[in-house]
Number of protein chains: 2
Amino acid sequence: MASAGVAPVDRDGEFATVGRIRDAAIARFARDGFRVGLRTIAADAGVTAGLIVHHFGSKDGLRRACDEQVLAVLRETKAKALTDGSGVTLLAQMAEVERFAPMVQYLLRSLQAGGELAATLIEHMIADAEEYLSAGEAAGVVRPSRDRAARTRYLAYQAAGGMVLWFTLHGAPASADEFSALFRRYLDDLMLPGLELFTEGLLVDRSMLDEYLMYVPDPPSGDADNAAR
Amino acid sequence: MASAGVAPVDRDGEFATVGRIRDAAIARFARDGFRVGLRTIAADAGVTAGLIVHHFGSKDGLRRACDEQVLAVLRETKAKALTDGSGVTLLAQMAEVERFAPMVQYLLRSLQAGGELAATLIEHMIADAEEYLSAGEAAGVVRPSRDRAARTRYLAYQAAGGMVLWFTLHGAPASADEFSALFRRYLDDLMLPGLELFTEGLLVDRSMLDEYLMYVPDPPSGDADNAAR
DNA sequence: CACCAGATTAAACACTCGTTCAATCCGCTC
DNA sequence: GAGCGGATTGAACGAGTGTTTAATCTGGTG
């Protein structure tokens, strides 16, 4: 298989131009953020700004098309990764393959800017984490929590937010290779402290936690509010 | 004390206008992000766009003045909080006082956008965390780490990044009161999972950590690179 | 009072942005 | 081959942006 959703489908004429514009937009949005002008993207795709709005209606339409494309590729890749078993380091292995680098960068930009895709992405991450953590609990390798949903959300927000902030402060890489290298360095910085914290915790005694539990004996109580946020 | 660096100094004539413009800019930047036009800020301050660049040279000059002001207030408040002893929940208590809400929001916007103030702020947070964690280690309430610097940076990035992402996805509040309420809800969502993770960890056994330590026996080795990043 | 420096304003400038429009090009069908 | 519809273009529009400029106002000084 020469192209599986990432590279633009080569069926001549049909979606050649539209796909080329969309992929160029993803790459350019990922590299320079969502404030780039339509003319820059048009130049990247070798077309005119007018043609973009002819095909996508508006810049926001282009943005939505990019979101859908990235989400589609993410779902497809995730489905493939599940058969391989190692789905946890999904983003990591996506960053390894240079072809996916622009999409990962695009996702980081989306999380940074907020919006619908960002919310959807976080929900995906939370759902995945919920699955893995539940399986881990059942297998006896993950400690149970007093409020599993809250812990899952906490871990997802911390992981995603920390990653976005790290890349924000370490400068946007220009090429896909640079991004892959930077991503590997991020994992290097992350792995030891993360594993340490996850296996040994941070505090020696449990006085702080017990004090909090005494002061706020709030049960999980699965309120409807948690679903919306 | 009627005004301690937060409210614009009332010494008539002198810095009245400049301070008013700067404070209006901080509030407006905090509320709507850094993309707002000078005319909007000017209208908030009751002046003209031209006057702003007359006093601050350019929009970037205004931005720098805001950064310095926020940083100055942060330092001052931190110094005061140190005498009270409870410096850990610095941002929390700052958000409680409605007067500080725009500044905290401004800091979040800065972290989201990146730039010099964001880098400085993260360095501050890392330095503070380093201090508290070291003290905790010495007092025997914080577990030692195989790489203390890396752990400190990890915790700072996760905490700050998670907070920024949370507020990004939960919509920017319009008023200072709303922000305070939202901040309190954020702490509520955060506290239990955080304390749980910090006191009990996440994993039951240490096989993952040991495996990593075996695979990558990299010592801390305090390389010069860590200082710059 | 004359004068001057700084504060302040309204208007204009130059630029970029997303979007619109009329015109052209190209491939297909009758 | 005529004609049609979509792809594509280049230019223009209108609304924004940050910045500049000339003019006006104002308060203190000689």
Side-chain angles (χ1 to χ4, degrees), chain A residues 8-69 106 109-110 113-117, chain B residues 8-69 106 109-110 113-117:
Chain A
V9 263
D10 260 21
R11 298 162 195 149
D12 320 71
E14 287 192 23
F15 296 105
T17 305
V18 174
R20 185 157 35 92
I21 292 176
R22 189 199 49 207
D23 291 346
I26 292 177
R28 186 51 82 169
F29 280 146
R31 184 171 314 226
D32 297 345
F34 295 109
R35 297 173 61 177
V36 288
L38 278 184
R39 288 164 179 82
T40 305
I41 299 173
D44 288 349
V47 295
T48 319
L51 187 61
I52 295 185
V53 343
H54 169 69
H55 281 306
F56 297 92
S58 66
K59 184 183 184 179
D60 214 66
L62 173 64
R63 170 80 187 277
R64 261 178 274 122
C66 291
D67 284 5
E68 290 172 14
Q69 166 74 1
Y106 184 95
R109 289 267 182 212
S110 296
E116 198 174 336
L117 175 63
Chain B
V9 262
D10 260 23
R11 298 161 195 148
D12 319 72
E14 287 191 24
F15 296 106
T17 305
V18 174
R20 185 157 37 90
I21 292 175
R22 187 200 50 207
D23 291 346
I26 291 176
R28 186 51 81 168
F29 280 146
R31 185 170 314 225
D32 297 345
F34 296 110
R35 298 172 59 176
V36 289
L38 278 183
R39 287 164 180 82
T40 306
I41 299 174
D44 288 349
V47 295
T48 320
L51 187 62
I52 296 184
V53 344
H54 169 69
H55 280 306
F56 297 93
S58 66
K59 185 184 183 179
D60 214 66
L62 173 64
R63 171 80 187 276
R64 261 178 274 122
C66 291
D67 284 5
E68 290 172 14
Q69 167 73 1
Y106 184 95
R109 289 264 181 214
S110 296
E116 198 174 336
L117 175 63

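Chain A is the first sequence line, chain B the second, and so forth, proteins listed ahead of strands; every chain is numbered from 1.
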Measure from CG on Leu38(A) to C1' on dT19(C) and round the result to the nearest Å. 9 Å

Steps toward side chain to side chain contact (heavy atoms under 4.5 Å, CB included) verdict (Arg109(B), Phe29(B)): CA-CA 8 Å; Arg109(B) 289 264 181 214; Phe29(B) 280 146; over 6 Å; no

Which of residues 49-60 of chain A have a heavy atom under 4.0 Å from DNA chain D? Gly50(A), Leu51(A), His54(A), His55(A)

Measuring only between side-chain heavy atoms, which start at C-beta, is Asp60(B) closer than 4.5 Å to Arg64(B)? yes

Would you grab the first and last nucleotide of DNA chain D (5' to 3') that comes under 4.0 Å of any non-hydrogen atom in chain A? dA7(D) to dA12(D)

At under 4.0 Å, does any side-chain N or O of Thr17(B) touch on OP1 or OP2 of dA7(C)? no

Would you mind telling me which residue lines up with the more 5' stretch of DNA chain D, Gly46(A) or Arg39(A), judged by nearest nucleotide? Gly46(A)

Run the side chain to side chain contact (heavy atoms under 4.5 Å, CB included) test against Ala24(B) and tell me which residues pass, sequence neighbours left out. Asp44(B), Ala45(B)

Pair Asp67(A)-Glu116(A), side chain to side chain contact (heavy atoms under 4.5 Å, CB included): steps then yes or no: CA-CA 9 Å; Asp67(A) 284 5; Glu116(A) 198 174 336; 5.6 Å; no

To the nearest 0.5 Å, tell me how far Leu38(B) CG sits from Thr48(B) OG1. 11.5 Å

Nearest whole angstrom, please: distance from the C1' of dG18(C) to the CZ of Phe34(A). 17 Å

Assuming nearest nucleotide by heavy-atom distance, tell me which of Ile21(A) and Gly37(B) is located more 5' along DNA chain D. Ile21(A)

